[in-house]
Number of protein chains: 2
Amino acid sequence: MLTIGSLGKKTGTKVQTIRYYEQIGLMPEPGRTEGGQRRYGDAEVDRLSFIRHARQLGFPLEAIRELLDLSDNPDRSCHEADSIARRQLKQVELRMDRLKALQTELKRMIHECSGGNTADCKVLEVLRDHSECLTDHDAIGA
Amino acid sequence: MLTIGSLGKKTGTKVQTIRYYEQIGLMPEPGRTEGGQRRYGDAEVDRLSFIRHARQLGFPLEAIRELLDLSDNPDRSCHEADSIARRQLKQVELRMDRLKALQTELKRMIHECSGGNTADCKVLEVLRDHSECLTDHDAIGA
DNA sequence: CTTGAACCTCTAGCAGCTAGACATTTAGAA
DNA sequence: TTCTAAATGTCTAGCTGCTAGAGGTTCAAG
């Protein structure tokens with residue numbers, strides 16, 4: 001039986017985060033000692049590892065909830081899990097495209113900096129002049 | 001003189017967002033009509049465009065605050081603006097690297113999906129088995 | 001039996017908005 | 001001039017995914 005602290009160490013998760021996952025129903029309510037402290041078994045280690053791994057792959061918690069649900073019902077179709085993963089891949093690739101565009105413009109900005117005073121700073125100038133901008137749309141969340 | 005709504009349209013900013021920027025001191029308190037409605041002039045259009053453009057390039061609001069400050073004082077050195085931009089570029093490149101790693105693993109996951117039921121779903125299996133994972137560290141924020 | 005580390009709950013905060021409730025103002029048409 | 005509908009006003013709460021702190025209790029080792 002593990003304390004919350006050692007579960008955290010095993011899975012690379014902060015204690016607060018584990019309690020948070022419990023609160024939002026991603027982790028089950030564990031057994032408690034008489035004094036009220038949480039105690040975990042192997043199943044919880046696996047579940048939390050799964051969650052953390054998926055988080056590292058950028059899956060949002062809601063997607064992870066679905067994946068866990070699928071994982072709990074081994075007779076359901078694999079297609080759902082597959083499509084969640086594909087969705088996630090699409091998100092990742094979209095974000096990459098945006099970042100590439102940003103990178104280009106940032107490089108251009110910096111490249112043109114001559115190093116005088118801000119009155120003729122290219123960085124500020126580029127930011128001021130929206131017209132040359134190539135990445136107009138909704139790149140903010142990138 | 002523009003209403004907050006037309007300022008928003010001109011700059012591609014939601015009304016609520018403009019008020020939010022005012023609240024946190026990024027935008028100045030504008031003049032008001034007798035009835036208390038905000039009215040904006042050209043200076044505000046420029047300032048808000050600057051902010052939005054910088055946001056599209058992924059600059060955090062605090063960095064934008066600094067950039068605006070530099071922009072307001074044309075005699076200061078351009079180096080500060082330049083280093084803010086460089087910092088931002090580094091961030092962007094770091095995020096790109098992470099996303100690339102995620103993309104690789106997601107593709108591998110999906111590629112191996114055979115399409116049965118979830119009992120032998122590769123997607124779930126990969127998530128379950130942390131040991132094959134290449135992107136261990138702090139990829140979460142990517 | 002004592003100590004000090006680890007645990008408990010609860011609340012608030014981060015970024016950067018977004019959405020809703022509800023009241024007031026404005027601009028144009030009748 | 002008066003009506004009306006859209007736009008504005010303030011205020012509060014919510015989103016994601018945690019993180020930090022206050023202030024109190026429990027546990028395990030010595």
Side-chain angles (χ1 to χ4, degrees), chain A residues 1-27 29-40 44 48 50-68 87-88 91 95 98 138-142, chain B residues 1-27 29-40 44 48 50-68 87-88 91 95 98 138-142:
Chain A
M1 282 303 171
L2 297 169
T3 65
I4 195 170
S6 24
L7 174 63
K9 244 165 231 161
K10 256 196 183 206
T11 58
T13 317
K14 299 210 169 158
V15 166
Q16 305 278 45
T17 305
I18 299 173
R19 289 200 275 248
Y20 171 71
Y21 287 162
E22 180 184 329
Q23 191 187 307
I24 63 171
L26 260 195
M27 286 294 285
E29 293 188 19
R32 302 265 185 160
T33 63
E34 280 197 24
Q37 298 197 353
R38 293 168 178 83
R39 287 300 120 98
Y40 296 94
E44 280 83 16
L48 186 51
F50 184 103
I51 295 172
R52 286 271 102 191
H53 193 182
R55 285 296 295 134
Q56 280 168 354
L57 288 168
F59 287 92
L61 293 180
E62 273 321 297
I64 296 173
R65 204 188 288 276
E66 290 181 66
L67 288 167
L68 281 166
R87 216 189 303 150
Q88 177 58 18
Q91 284 294 314
R95 279 195 271 168
R98 285 180 182 173
D138 42 11
I140 282 187
Chain B
M1 281 303 172
L2 297 168
T3 65
I4 194 169
S6 25
L7 175 63
K9 244 165 230 159
K10 256 197 182 199
T11 58
T13 317
K14 298 210 169 158
V15 166
Q16 305 278 46
T17 305
I18 299 173
R19 290 200 275 247
Y20 171 71
Y21 287 163
E22 180 184 328
Q23 192 187 306
I24 63 171
L26 261 194
M27 286 294 285
E29 293 188 18
R32 302 266 185 159
T33 64
E34 280 197 24
Q37 298 197 354
R38 293 166 177 83
R39 287 299 120 98
Y40 296 94
E44 279 85 13
L48 186 51
F50 184 102
I51 295 172
R52 286 271 103 190
H53 193 181
R55 284 295 297 134
Q56 280 169 354
L57 289 168
F59 287 92
L61 292 181
E62 273 321 298
I64 295 174
R65 204 187 288 276
E66 290 180 66
L67 288 167
L68 282 166
R87 217 189 301 148
Q88 178 58 18
Q91 284 294 314
R95 279 196 270 168
R98 284 179 183 172
D138 42 9
I140 283 186

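Naming: A, B, ... by sequence-line order, numbering from 1 per chain.
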B/Leu2 vs B/Arg39, side-chain contact (heavy atoms from CB on, under 4.5 Å): CA-CA, chis, key distance, verdict:
CA-CA 5 Å; B/Leu2 297 168; B/Arg39 287 299 120 98; over 6 Å; no

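Contact between the side-chain N/O atoms of B/Arg38 and the OP1/OP2 oxygens of D/dT10 is found at a separation under 4.0 Å. One finds no side-chain N or O of A/Thr3 lying less than 4.0 angstrom from the OP1 or OP2 phosphate oxygen of D/dC27. At least one side-chain nitrogen or oxygen of A/Tyr21 sits closer than 4.0 Å to the OP1 or OP2 atom of D/dC18. Using a 4.0 Å cut-off, no side-chain N or O of B/Lys14 falls inside it from OP1 or OP2 of C/dG16. Distances shorter than 4.0 Å separate none of the side-chain N or O atoms of B/Thr33 from OP1 or OP2 on C/dT25. The phosphate of C/dC17 (OP1 or OP2) has a side-chain N or O of B/Arg52 nearer than 4.0 angstrom.
Among the nucleotides D/dT26, C/dC17, C/dT26, the one closest to the side chain of B/Gln37 is C/dT26. Considering only the side chain of B/Gln16, C/dG20 comes nearest among C/dA27, C/dG20, D/dG17. If you check C/dG16, D/dG17, C/dC7 against the side chain of A/Arg19, the one that comes closest is C/dC7. Closest to the A/Tyr20 side chain, of the nucleotides D/dG9, C/dC17, D/dC18, is D/dC18. Closest to the side chain of A/Arg32, out of C/dT26, C/dT9, C/dT18, is C/dT9.
Pairing each heavy atom of B/Ile51 with each of B/Ile64, the nearest pair is O-CD1, 3.8 Å.
Here A/Ile4 lies in heavy-atom contact (under 4.0 Å) with sugar-phosphate atoms only.
Sequence order on DNA chain D of the closest nucleotides to B/Ser6 and A/Gly36 puts B/Ser6 first from the 5' end. Mapping B/Pro60 and B/Glu34 onto DNA chain C via the closest heavy atom, the residue that lands nearer the 5' end is B/Pro60.
B/Ile18 is listed as a side-chain neighbour of B/Tyr40, based on a closest heavy-atom distance under 4.5 Å. The side-chain heavy atoms of A/Ile24 and A/Arg65, taken from C-beta on, include a pair separated by under 4.5 Å.
Ion pairing of B/Arg19 with B/Glu22 is absent here, as no side-chain N (NZ or NE/NH1/NH2) approaches a carboxylate O to less than 4.0 Å.
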